[in-house]
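The next block holds one structure in the form of structure tokens; read it before the comments.
Note that the structure is predicted; figures quoted are calculated from it, not measured. As a basis for the values below, the full set of heavy atoms in this structure was taken, side chains included, without hydrogen atoms, waters or symmetry mates. Labels below follow one simple rule: chain letters A, B, ... track the order of the sequence lines, proteins then strands, and each chain is numbered from 1.
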Amino acid sequence: MPELPEVETTMRLVRPHVVGRVIQRVETCWPRTVGGDAEAFARAVRGTRMVRAWRRAKWVVFDLEGGAKGAARHILVHLRMTGRLVVEPSKGAAPQWWKVALHLDDGRALWFLDVRKFGRVHARGPRPAEFDELGPEPLSDEFDGAWLHAALRARRRALKPLLLEQAFLAGLGNIYVDESLHAVGLHPLADSSRTTREQAERLAAAIKRVLAAAIEREGSSFDAFYRTPEGNPGSYQDQFQVYGREGEPCRSCGAPIRKFVVGQRGTHVCPRCQPPPRGRSVKKN
DNA sequence: AGCTACTCCTGGTAGC
DNA sequence: TGCTACCAGGAGTAGC
């Protein structure tokens, strides 16, 4: 699903086409996508100019200038499960599964597409509340082994649900958590408060390494839905060590990968490289 | 504080 | 071939 690498890829590929453009007209065909009030959304962003595009956690952010009095200062896009952004002509056939169209001043539109309708496009003022309680960016210098060690020790949680929490660390999702934990031989149900400094150092490094490699390959496309804004699949799925590999041999030790459920999420481990913590039985799914 | 269950959604696929 | 049931899950929320 779109996690940090897919969101970063989406932002990078859309950015050169939209920065500097004025939003002339807005169409919405599923009001929930824009928070329920399509008219209010259109009013807030119409006439503004997109002056910068960046990413925070799993949000694509467009900074806005100008527009009417009280106009929005940011557009926040969350892809959730199947959201996509593409830049295509305003006229002619609308792209399949489109939910929001921001028609630009060059005859093209920034289209938000979403099969499952979980994604969101928000108009926000100068200080979006969405950013108030996010953890650090895993690729920033602020996130390192020392920080992770202290943060893990301060909580008493299973590692995986904690790493998925955006308020703890911003940008990880199901796939890259499974991949990162496997890379360092830690079990998803291991108790965060018992993490050693050495384990935290290796985990922080693995998270950075996995995310950077996935960005390099424009994310992962393991199903029919994730495509870059240019319509290409990512290729990091070819590098998966555990995700989606149930029953296949671990690339490190050959033991068959196991899948089970943690917090309603499909979870993949190598039972040999990632021994379960004492006292926690792991049932097969 | 931490855990689980439930909700929102629908294309793809497994099973019959 | 065609039908049905189930699966995928990010994140918000409720309840214990």
Side-chain angles (χ1 to χ4, degrees), chain A residues 1-8 10 28-36 55-61 76-85 95-100 112-122 128-135 138 151-180 187-195 211 214 219-227 233-234 237 240 242-247 257 259-268 277 279-285:
Chain A
M1 308 292 125
E3 306 177 25
L4 188 153
E6 291 77 23
V7 178
E8 178 73 20
T10 295
T28 301
C29 80
W30 183 259
R32 274 193 180 195
T33 302
V34 295
R55 179 193 58 75
R56 174 74 171 111
K58 297 175 195 170
W59 295 96
V60 177
V61 188
L76 272 55
V77 178
H78 202 303
L79 306 176
R80 291 284 183 99
M81 307 298 300
T82 54
R84 292 181 58 199
L85 287 171
Q96 191 177 17
W97 298 311
W98 78 278
K99 298 292 171 283
V100 181
F112 181 73
L113 326 179
D114 195 7
V115 172
R116 284 181 202 157
K117 300 179 177 173
F118 287 173
R120 294 293 179 258
V121 179
H122 294 315
E130 281 81 356
F131 300 156
D132 284 351
E133 288 180 21
L134 286 175
L152 290 174
R153 302 282 299 207
R155 310 287 296 271
R156 194 171 184 144
R157 300 274 308 273
L159 285 180
K160 176 164 177 173
L162 186 54
L163 292 169
L164 284 174
E165 209 175 280
Q166 301 300 296
F168 181 79
L169 182 62
L172 290 184
N174 200 44
I175 293 173
Y176 297 107
V177 166
D178 279 8
E179 292 296 315
S180 299
H187 195 277
L189 294 177
D191 180 348
S192 66
S193 72
R194 303 177 66 156
T195 311
L211 293 176
S220 308
S221 301
F222 63 92
D223 65 18
F225 299 116
Y226 173 70
R227 291 293 179 274
Q237 67 278 8
F240 286 169
V242 286
Y243 187 84
R245 298 192 66 243
E246 183 183 15
I257 301 301
K259 181 179 181 186
F260 57 103
V261 175
V262 176
Q264 280 79 251
R265 307 272 155 73
T267 297
H268 310 75
R280 302 230 200 198
S281 68
V282 178
K283 350 177 228 311
K284 204 156 178 291
N285 192 18

A:Asp191 CG - B:dA1 C1' separation (whole Å) = 13 Å
Interatomic distance, A:Glu246 CD vs C:dA8 C1' [rounded to whole Å] | 14 Å
Shortest non-hydrogen pair, A:Gly83 vs A:Asp114, comes out as N-OD1, 3.3 Å
Contact class for A:Tyr226 vs. all strands (heavy atom < 4.0 Å): base, sugar-phosphate, or nothing?
-> nothing
Give the rounded distance in Å between these two atoms: CG of A:Leu169 and C1' of C:dA11.
-> 16 Å
Any A:Arg156 side-chain nitrogen or oxygen under 4.0 Å from OP1 or OP2 of B:dG2 | no
Atom pairs under 3.5 Å, N or O on each side, protein against nucleotides 8-12 of chain B: can you list them with distances?
{"from": "B:dC8", "atom 1": "O3'", "to": "A:Arg32", "atom 2": "NH1", "distance (Å)": "2.9"}
{"from": "B:dC9", "atom 1": "OP1", "to": "A:Arg32", "atom 2": "NE", "distance (Å)": "3.4"}
{"from": "B:dC9", "atom 1": "OP1", "to": "A:Arg32", "atom 2": "NH1", "distance (Å)": "2.5"}
{"from": "B:dC9", "atom 1": "OP2", "to": "A:Arg32", "atom 2": "NH1", "distance (Å)": "3.3"}
{"from": "B:dC9", "atom 1": "O4'", "to": "A:Arg116", "atom 2": "O", "distance (Å)": "3.4"}
{"from": "B:dT10", "atom 1": "OP1", "to": "A:Lys117", "atom 2": "NZ", "distance (Å)": "2.5"}
{"from": "B:dT10", "atom 1": "O2", "to": "A:Arg116", "atom 2": "NE", "distance (Å)": "3.3"}

Please report, rounded to the nearest Å, how far the C1' atom of C:dG9 is from the CZ atom of A:Phe260.
-> 17 Å
Lys/Arg N to Asp/Glu carboxylate O, A:Arg56 vs A:Glu130, below 4.0 Å | no
Taken to the nearest 0.5 Å, the spacing of A:Ser193 OG from A:Leu152 CG works out to 9.5 Å
The side chain to side chain contact (heavy atoms under 4.5 Å, CB included) partners of A:Thr10 (sequence neighbours excluded) come to A:Leu79, A:Leu85, A:Tyr226, A:Pro229
With five pairs defining each end axis, the helix from B:dG2-C:dC16 to B:dC16-C:dG2 comes out bent, to 10°, by 50°
Is any side-chain N or O of A:Gln264 closer than 4.0 Å to OP1 or OP2 of B:dA5?
-> yes
Hey, what are the protein-to-nucleotides 14-16 of chain C N/O distances that come in under 3.5 Å?
none

Could you check how far CE of A:Met81 sits from C1' of C:dG12, rounded to whole Å?
-> 15 Å
Flag this pair as yes if the NZ/CZ of A:Lys117 is under 6.0 angstrom from the six-membered ring centre of A:Trp30 and inside a 45 degree cone about the axis; otherwise no.
-> yes
Mutual orientation of the aromatic rings belonging to A:Trp59 and A:His122 [parallel < 30°, tilted 30-60°, perpendicular > 60°] | tilted
What's the verdict on salt bridge (charged side-chain N to carboxylate O under 4.0 Å, His left out) for A:Arg157 and A:Glu165, showing C-alpha distance, side-chain angles and the deciding distance?
-> CA-CA 11 Å; A:Arg157 300 274 308 273; A:Glu165 209 175 280; 2.8 Å; yes
In Å and rounded to the nearest 0.5 Å, what is the OH to CG distance from A:Tyr176 to A:Leu211?
-> 7.5 Å
Nearest-angstrom distance from the residue atom CZ of A:Phe240 to P of C:dA8 | 15 Å
Between P of B:dC3 and CZ of A:Arg265, the distance in whole Å | 14 Å
Hits for ring-ring contact (aromatic ring centres under 6.0 Å, His included) against A:Tyr243, two or more places apart or cross-chain, chain-then-number order -> A:Phe222, A:Phe240, A:His268
Do A:Thr28 and A:Lys99 come within less than 4.5 Å of each other through their side chains, counting heavy atoms only?
-> no
Interatomic distance, A:Gln166 CD vs C:dG10 P [rounded to whole Å] | 9 Å
Under 4.0 angstrom between A:His78 side-chain N/O and C:dG10 OP1 or OP2 | no
Kindly say if A:Arg157 contacts the phosphate of B:dA1, meaning a side-chain N or O under 4.0 Å from OP1 or OP2.
-> no
Of all the heavy-atom pairs spanning A:Ser221 and A:Gln237, show the shortest one and how long it is.
-> N-OE1, 2.8 Å
Under the salt bridge (charged side-chain N to carboxylate O under 4.0 Å, His left out) rule, what pairs show up with a residue in residues 168-180 of chain A, not counting sequence neighbours?
-> A:Lys160-A:Asp178
With heavy atoms under 4.0 Å as the rule, sort A:Gly263 into base, sugar-phosphate or nothing.
-> nothing
